[in-house]
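Notes follow the structure.
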Amino acid sequence: MNLILVLLFPMTAVLLSLLPLEKRFAPVVTLLTQIAVFGMALNLALQVSTGRTVIGLANWLELDGLSALVLLLVTFVALTAALFSWGYIFAHEKVARRIRFYYAQFNLFVFALVAVPVLVEPAFVWIAIEFTAMFSVLLVAFGNTHEALEAAWKYIVLMFIGAVIALLGFLILFWAQKNAGGGLYTWEGLRLSAAHMSPVLLKTAFLLILVGFGTKVGFVPLHTWLPDAHSQAPAPVCSLLSAIKTTVALYAILRLLPLLPNAPIDIWMQTIGLISVGVAAFLILQVRDYKRLFAFSTVEHMGIIFVAAGLGGKAGGYGALLQMLSHGLTKSFCFLAAGAVLLVFGTREIGEIRGLIRTSPVAGLALLFGALAIGGAPPFAVFLSEFSIFRAGVAQQHYLVISLLILFIVVAFFGILLHVTRMVFGKPAPVNAAAPGSVPFSCTLALVLAVVPVLVLGVYEPAPLHKLLTFAVSNLTGGMP
Amino acid sequence: MVYPGLFPWLQSLNALAGGFFLLCAFGLVAVRQAQDCLRLFVAQSLFLCLSAFMLGILLHSSDLIVVGIIDFISKPVVIPWLLRRTVGGEVHTRREITQVFNIPTSLLIALALTIGAYLFAMPLLRAGNAGELIGSNLPIGLAGLLIGAFTMAVRREAVPMALALISMENSAFFAGIAIAPDFPLIAEVSIAFDVLILTFLIGLLTRAVHQQIGTTAVGELTELREANQS
């Protein structure tokens with residue numbers, strides 16, 4: 001029942017947000033919805049962590065370890081983003097109609113994001129992922145400036161091209177399954193019939209889906225939409241885009257891994273991942289816009305997760321999923337911090353910001369924490385997950401891959417810190433007179449809420465989460481011990 | 001139930017629809033006027049419907065007939081209407097649209113892509129024990145997909161780019177109706193709905209770009225680059 005409700009709630013919130021009532025109505029509805037949905041997701045994840053699959057509608061809506069993990073991440077990030085939106089949107093937008101429009105789109109976007117992990121039929125997952133793109137285009141264009149429109153155009157075009165390529169992949173997958181004697185067209189059904197499928201068709205389907213959804217994940221060289229969309233979209237939307245929209249597309253690719261236990265895709269995954277990490281690390285060094293900085297960091301982290309998944313085995317899978325979780329949580333915090341900086345200074349240029357910590361201690365501390373956390377400094381969550389990936393790689397003797405990975409991560413770490421310390425410390429620069437100038441209470445609250453798991457997961461992994469991750473890894477490796 | 005003697009005819013008709021489908025894809029690369037792009041797109045969608053009907057009869061699949069009807073309503077009718085409503089006069093203009101390559105070069109590249117698509121499809125056809133229907137639809141779908149992507153790359157104007165995008169989806173469907181005729185119908189309906197949302201969004205964006213920047217040559221928007229941000 002809860003599985004149906006997690007879909008119904010955001011959909012209802014879309015309709016309620018559109019009602020022309022008091023201007024605080026839409027944000028209240030949105031916030032309450034996200035709290036309820038997160039509560040239900042937490043409850044579902046606890047049930048799943050006992051090792052059983054929760055079934056909402058058999059063969060339609062199901063939740064196993066991997067999907068519960070993604071659902072938990074999606075709903076938590078959506079909650080913090082909704083809370084942050086409260087202050088951020090009121091500070092930037094005065095027209096009631098535009099505020100309602102923003103929240104309706106926001107809920108629609110969250111609806112699509114939540115639908116990806118709970119659906120088990122690949123054709124519907126494809127549609128849900130495609131809807132995550134379609135429903136966020138107008139949010140990217142929300143600023144309605146020259147740059148925002150250009151970013152939205154690039155975004156919609158690349159998203160749709162990716163979707164069409166992936167669609168062909170799913171059609172070929174369907175064909176392969178039918179040739180192999182049919183079966184249920186669900187993730188589990190596909191896994192069961194994978195052994196009888198033609199390897200050529202299976203590999204072609206995987207490759208098409210990898211390229212198609214890889215565009216949505218932001219693998220180099222298909223990443224060009226990512227920094228543009230992230231520099232233009234409102235900060236809470238960036239947090240959704242970067243922390244979970246890319247993740248759900250990656251989730252769909254990872255779902256195919258159990259179908260190909262014997263194919264030599266490990267080396268493809270490691271190569272694609274390393275290229276993304278490497279290119280992003282060096283692009284980070286030369287950015288001039290701090291939101292683009294975090295966007296390139298997303299490209300880097302998607303690469304790291306893919307390398308980890310490519311290492312294979314339980315340890316690699318565990319590292320990949322832990323990294324997916326810690327990146328999602330940390331990156332959403334980073335973009336909220338970036339939003340706070342934008343509220344204070346009113347500019348996205350790194351060069352125009354100095355002495356942030358004195359102008360606004362909240363924004364300054366948040367940005368510094370975010371930079372350290374996403375760079376992978378201890379004691380934050382990303383450090384732990386990256387460390388588990390290195391350990392998995394060394395245990396499997398992938399020395400070259402791990403050395404390159406460490407090199408790129410170190411380059412990215414210094415790149416991020418170089419830019420951020422320049423902004424945070426020093427003599428305060430004058431702020432843009434048009435900027436709101438301060439961080440509203442709701443935004444501060446959202447930052448505090450968002451930083452909690454980033455800190456906690458860096459030092460402590462709760463037992464249910466560990467069980468959930470273990471279950472998720474078994475979904476990833478196809479039940480392989 | 002159809003008289004079995006008709007089957008070879010229906011098969012030939014399907015192959016013919018495929019040929020014209022591909023021809024429309026070539027046309028989308030080459031024609032110079034925005035309105036011709038729209039006409040070619042409508043024609044291509046009609047050939048897709050024709051193929052869906054033929055396959056529906058040949059494979060006794062009522063789903064495919066429904067898919068054909070949905071396509072018949074959404075693509076040749078609703079999409080041009082949506083574009084006219086959102087973009088306005090730009091669709092009607094007879095103005096020449098600029099291209100990156102000249103027409104012969106574009107056509108040659110499209111031809112190379114078609115040959116590539118056939119080469120790519122060969123091992124798939126062998127692996128899937130494909131019959132004549134898949135043999136005609138899959139390579140054409142692949143070729144249409146590649147040519148559509150190429151058209152996206154060479155066009156500069158919003159409406160022809162949007163039509164190239166949707167023609168890519170047409171092509172994926174053209175292959176899909178043959179290789180996965182019993183693909184869940186709700187999924188197909190949702191995909192058709194998705195294409196309508198895409199058209200609507202592209203229309204809105206194009207209008208906003210036109211109002212803000214005064215052009216619909218979206219391919220020339222290059223504000224967002226690392227180098228420009230100094």
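Source: prediction; values computed, not measured. Just so it is clear: chains get the letters A, B, ... in the order the sequence lines come, proteins before strands, and each one is counted from 1.
With a 4.5 angstrom heavy-atom cutoff, B:F193 touches chain A only via side-chain atoms. Looking at B:L145, only its side chain comes within 4.5 Å of chain A, counting heavy atoms on both sides. Proximity to chain A (any heavy atom under 4.5 Å) is shown, for B:A208, by both the backbone and the side chain. Heavy atoms closer than 4.5 Å to chain B are found in both the backbone and the side chain of A:I172. Both the backbone and the side chain of A:I161 come within contact range of chain B, each with at least one heavy atom under 4.5 Å from a heavy atom of that chain. In this structure, chain B has heavy atoms under 4.5 Å from both the backbone and the side chain of A:A152. Residue A:T224: no heavy atom, backbone or side chain, is found under 4.5 Å from chain B. For A:Q177, no part sits under 4.5 Å from any heavy atom of chain B, backbone or side chain. Only the side chain of B:Q212 comes within less than 4.5 Å of a heavy atom in chain A; its backbone stays farther off.
Chain B forms the most heavy-atom pairs under 4.5 Å with one residue out of A:E121, A:E130, A:H146, and that residue is A:H146. Contact count against chain A (heavy-atom pairs under 4.5 Å) is highest for B:L198 among B:L198, B:I197, B:N129. Note: B:I186 leads B:L204, B:I166, B:I186 in heavy-atom pairs under 4.5 Å with chain A. When B:Q211, B:M152, B:R126, B:E169 are compared by the number of non-hydrogen pairs under 4.5 Å with chain A, B:E169 comes out ahead. For the set A:V164, A:V157, A:T145, the entry with the most heavy-atom pairs within less than 4.5 Å of chain B is A:V164. Residue with the most contacts toward chain A among B:I134, B:I191, B:L142: B:I191 (heavy-atom pairs, distance under 4.5 Å). Across B:S171, B:A158, B:A149, B:G148, the residue that shares the most heavy-atom pairs under 4.5 angstrom with chain A is B:A158.
Listed here is the closest heavy atom pair of B:F183 and A:Y185: CE1-CE2, 3.8 Å. Considering all non-hydrogen atoms of both residues, B:G128 and A:N179 come closest at O-ND2, 2.9 Å.
In this structure, CG on B:L201 lies 9.0 Å from CZ on A:F135, to the nearest 0.5 angstrom. Here the straight-line distance linking atom CG of B:L205 with atom CG of A:N144 works out to 9.5 Å at 0.5 Å rounding. The structure places CG of A:L201 at 8.5 Å from CD1 of B:I179, a figure rounded to the nearest 0.5 Å. How far CD of B:E188 is from CD1 of A:I127: 9.0 Å, rounded to the nearest 0.5 Å. Rounded to the nearest 0.5 Å, atoms CG (B:L124) and CH2 (A:W175) are 6.0 Å apart.
Residue B:Y118 qualifies as enclosed at atom OH: its count of foreign heavy atoms under 6.0 Å is above 12. With a 6.0 Å radius and a threshold of 12 heavy atoms from other residues, nucleotides or ligands, A:F101 has its CZ atom above the threshold. With a 6.0 Å radius and a threshold of 12 heavy atoms from other residues, nucleotides or ligands, B:R85 has its CZ atom at or below the threshold.
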| query | What do the steps show when you test A:W126 against B:D194 for side-chain contact (heavy atoms from CB on, under 4.5 Å), and what is the final call? | reply | CA-CA 11 Å; A:W126 179 88; B:D194 178 59; 4.2 Å; yes
| message | Quick one, A:L171 with B:F173, criterion side-chain contact (heavy atoms from CB on, under 4.5 Å). Give me CA distance, side-chain angles, the key distance, then yes/no. | response | CA-CA 9 Å; A:L171 288 165; B:F173 247 66; 5.8 Å; no
| request: Determine, stepwise, if the pair A:K178 / B:D182 fulfils side-chain contact (heavy atoms from CB on, under 4.5 Å). | output: CA-CA 10 Å; A:K178 206 181 162 211; B:D182 31 17; 3.3 Å; yes
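Between B:M168 and A:F160, the closest side-chain pair of non-hydrogen atoms is not below 4.5 Å. Put simply, the side chain of B:I202 does not reach to within 4.5 Å of the side chain of A:V137, judged on heavy atoms.
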